Amino acid sequence: MHDKALVLFSGGQDSTTCLAWALQRYAQVETIGFDYGQRHAVELECRKTVLEALRAGRPDWAERLGEDHMLDLGVLGRLSDTALTRDASIAFERNGLPNTFVPGRNLLFFTFAAALAYRRGLSVLVGGMCETDYSGYPDCRDNTLKSLQVSLSLGMDMPLVVETPLMWLDKAATWRLAEQIGGRLLVELIKESTHTCYLGERRQRHPWGYGCGACPACELRAKGYANYMSAQAATD
Ligand code: ZN
C-alpha cells in the first residue's frame, strides 16, 4: 500500500529534489510534467537531461524510475495572464502576489496528476511545494494541499496521499536534503541541469547554477545556496 508514487516534475531544483526523495522511498516512481505555454521551454528540456542523468548515475534508482508523462495544458496558458506565460516584466500586484502567479495552477496539476495516478495504479502524489521560502502563492500552502488530498481521495474513491517533503524547509535546507539523499553527485546535477529562473536565462553560470540572478526565483535559489555553503563551511 502506498509504495507507488507519481512525482510532479518540472525540471527545477525543488521537483528534482522531490524526485530523488521519492526514488529513495518508493518501489515504483513515475513522473508527470505540464506544458502550459510557459514563456521558456528551457525547463522542459531540463526535465529530460535530469531524468537521463539520474538513470545513468544511479542504477539503483533507474530500476524504480518508470514512465515519464507529459501533459499539454495549453488551456491554462490561454486562461491566465501572468508574467510566466506572457512577455511581461515581473512585478507585484496590489494583493501582494507577484504577477508570476498562475491562478489555480497547483490545484489543476494535482487534479490531472491524480487522474493519471488512478489509471496507472499509483497512490502517492509528490510535489515540491513549500511555504517557508516562497513567493506567497496560496496553492503552495500546506492546508491547500491537505484539503486537496481529501477532495481527490473522496472524488476518486481511492486513498491518495499528497506528499510535500519540502513544505517546511527553507532553500538552504533543500540543498542540504539533496546532499543527504544523493551526495555531491545530486547537488552537482541540480546545479548544472535544473532550471528555476523565471526569465529562462541559461547563459550566466553562478555558483548555484544558471539563471539571470535577479528574478525572485534566482534570488531565493542564490540565497539558499549561500546559506547552505556557509553552514557547511562552519561544520567542516
Ligand atoms: Zn532569474
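Remember, it's a predicted structure, so these values are computed and weren't measured experimentally. Remember, it's 1-based here, ligands and their atoms both numbered in the order they're listed.
The pair Arg120-Glu67 meets the salt-bridge criterion, since a charged nitrogen lies less than 4.0 angstrom from a carboxylate oxygen.
Looking only at distances, a side-chain donor or acceptor of Arg55 sits under 3.5 Å from a matching main-chain atom of Leu65. For the pair Ser153 (side chain) and Leu160 (backbone), a donor-acceptor distance under 3.5 Å is present.
Distance check, rounded to the nearest 0.5 Å: CZ of Arg203 to CD of Glu201 gives 4.5 Å.
For Lys4, the NZ atom is loosely surrounded, since the number of other residues' heavy atoms within 6.0 Å does not exceed 12.
His2 pairs by the ring pair (Phe, Tyr, Trp, His ring centres under 6.0 Å) definition with nothing, not counting sequence neighbours.
Within the protein, the number of N, O or S atoms lying under 2.8 Å from the Zn ion (ligand 1) is 4.
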